[in-house]
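Everything quoted here is computed from the prediction, not taken from an experiment. Atoms within a ligand are numbered from 1 in the order they appear, just like the ligands themselves.
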Amino acid sequence: MPKTLTQKILEDHIACETPEEYALKIDQTLTQDATGTMAYLEFEAIGLERVQTELSISYVDHNTLQSGFENADDHRFLQDIAKKYGIYYSRPGNGICHQVHLERFGIPGKTLLGSDSHTPTGGGIGMIAIGAGGLDVAAAMAGMPFSIPKPKVVGVVLKSELSPWVSAKDIILEVLRRVTVKGGVGRIFEYTGDGVRSLSVPERATITNMGAELGATASIFPSDDVTRTFLAAQGRQHHWKPLEADEGAVYNEVIEIDLSLLEPLAACPHSPDNIVRIQELAGRKVDQVLIGSCTNSSLKDLMMVASVLRGRTVHPDTSFGIAPGSRQVLSMLAENGALTDIISAGARILESACGPCIGMGQAPRTNAVSVRTFNRNFKGRSGTKSAEVYLTSPEVAVACALSGHFIDPRELGDYPVITLPDTFLIDDSMILPPAKDPGSVEVLRGPNIKPLPKRGPMEDTMDLEVLLKLQDNITTDDIMPAGAKILPLRSNIEAISHYVFSGIDPDFSAHAKEARSGCILARDNYGQGSSREHAALAPMYLGVKAVLARSFARIHRSNLINFGILPIIIDSETYAAVERGARIVLEHILPAIDGAAALDARDTLTGRKLDCTISLSEREREILKEGGLLNYIKSKVRG
Ligand code: MIC
Ligand code: SF4
């Protein structure tokens, strides 16, 4: 039976299998600082002396704006922990985790679990790379397999080639247009067809990166000659092996895209699937342009940008910033002179880090139109609530920066010819190896590093106040905002809990604490976006015990279970019948978790019986009964 590439890699990694799930052996893990501090506190709590993976690496790229001691304390802690437990440490300034991982560590055919939702970027090099909460990554570092619901495999057949000025970003925006931000849940997107050959590894990675915005478990490209060329340029040809789907492999669903018919596109505010053609926006004023992020900051992207900028100046009314994806990219731009073109054109050069993508600086002005090559444009994520953020390719972004308004980049004339060198600049001196003698490492913990909050075993009865009634597609940025002010508190749950849902209801935290035990009511795709487990952990700390929604985003649903919060499925009628402020009593929770009885749920204000179900895998049942994954792991270790 011919197999898909996804099937082949998954089968190579199955540690055990149930009718609903695969538990996968994880070869590599990555963390970034904003999720990493918690993940390593959790790894410490598991109590092992060394990580059990083939490779684990800790990147620092999110919290690099050091406006107080907090981030610097976290960096120190991460560096010591890495040294002690057998983890590589990529220092701040070395680049964005996904870009650096692709350049220096990704290996075709391997599995990668990362505490960042854009970990699937690694699919660009032929990995099954999956984003997860920090606790799941801690468990993987401890050698435990990682479970995923058996995915549907979607074959995305790319035909023909892109026209000039149309780029990889437009391919994934087209997929988002067709599939939407919830259409990828439970699926792995496997790219095939003759169009694949014309895309370089970083271009493929732009596409797999934004598979996260589809809600997909992962996205993957074959490992072919293009992959070999990329690895050879990185001095890692020995990591290459050919990998592709068998001829005649059958996919659960198929999407066909004729690349030659694509046009430059944009995702309009405030969702990555709100897609229009650039031509429909033409002429609208643009106040800010930012190029960078793990989606579009490779050498090729920035060489193209530099060559368009050469000899030109940014529009006087447009603020323009560029954050190269890695130190390698930045150094190579500096060496070949492209950086001078960028600087001369008036761009502000930002650190090789996430920066404005996660609201760390460069918040646009009030009511601004901001064009970004990033992957998320959720309301308020830029740091300015009234800003309108559009997501585009670097081609569109640079054209807008020069003209000061939306413009189809095809109006700029001939597309620049970019030839990339056969060998890239390799300097791993900012990647620190772990200590040979871990016993000698002392872990410094600044005052920002607070112990993990705990939760006891699951209760059988709950009396919950409905703290909020929300709509579809609530993001983890809505639940637990990021940005320069809040991100530094990621290792301090008490402090960060004050900001839970603060963009929606500034009194939420105080109110939830007062209510003692509460729940959230929502519609579809609750918890889309980031992998931040703080969006479950901080609500748990405030007494949130259940979320009642029509459906959940994959990573957030796992995070809820990992922290002992019940993910309860409701129908539209129940949603309509329950109001904010209502009290819901849940009874027979434990048998309901076991699947042995129905969950008994009542709205005590109206007396109405509510239609609520909990659908769980065997493993999830055990975790929830223990009150979360950490308790579960400890109970396993105790035997
Ligand atoms: C993001 O893009 O939202 C982040 C910041 O990278 C998050 C992780 C985090 O919240 O720390 C992600 O995508 O998982
Ligand atoms: Fe960083 Fe933005 Fe990528 Fe998240 S999406 S890892 S914040 S660059």
- What pairs meet the salt bridge (charged side-chain N to carboxylate O under 4.0 Å, His left out) rule with one or both residues in residues 113-134, with sequence neighbours excluded?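 Sorted result for residues 113-134: empty, none.
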
- Provide the protein N, O or S atoms situated under 2.8 Å from atom 2 (Fe) of ligand 2; waters are not included.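 Short answer, with waters excluded from the count: C357 SG.
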
Between [Y] and [X], is the closest basic N to carboxylate O distance under 4.0 Å?
| X | Y | value |
| --- | --- | --- |
| E620 | R557 | yes |
| E388 | R372 | no |
| E203 | K300 | yes |
| D273 | R177 | no |
| R104 | D428 | yes |

- Item | Every residue of the protein that comes under 4.0 Å of ligand 1, judged on heavy atoms |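 Residues near ligand 1: Q32, A34, T35, H62, D116, S117, H118, I358, R376, R381, R490, S530, S531, R532.
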
- Message: What verdict does the side chain to side chain donor-acceptor pair (under 3.5 Å) test give for N525 and S551, after you've listed the backbone C-alpha separation in whole Å, the side-chain angles of each residue and the deciding distance to 0.1 Å?
- Response: CA-CA 5 Å; N525 199 26; S551 64; 5.7 Å; no

- Message: Using a 4.0 Å cutoff against the non-hydrogen atoms of H98, which atoms of ligand 2 qualify?
- Response: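 Going through ligand 2 atom by atom, the ones under 4.0 Å from H98 are 6 (S).
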
- Only heavy atoms count here, so choose which of T35, N209, T121, D116 is nearest to atom 6 (S) of ligand 2.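 The residue whose heavy atom sits nearest atom 6 (S) of ligand 2 is D116.
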
- Message: Using a 3.5 Å distance criterion without hydrogens, assess whether the side chain of T475 forms a donor-acceptor pair with backbone atoms of D477.
- Response: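 Yes: the side chain of T475 pairs with the backbone of D477.
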
- Query: Please, which pairs that meet ring-ring contact (aromatic ring centres under 6.0 Å, His included) have at least one residue in residues 381-400, sequence neighbours excluded?
  - Reply: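 Qualifying pairs, neighbours excluded: Y390-F406.
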
- Step through the shown structure and confirm whether more than 12 heavy atoms of other residues, nucleotides or ligands are within 6.0 Å of OH on Y88.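 Atom OH in Y88 is not packed in, count stays at 12 or less.
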
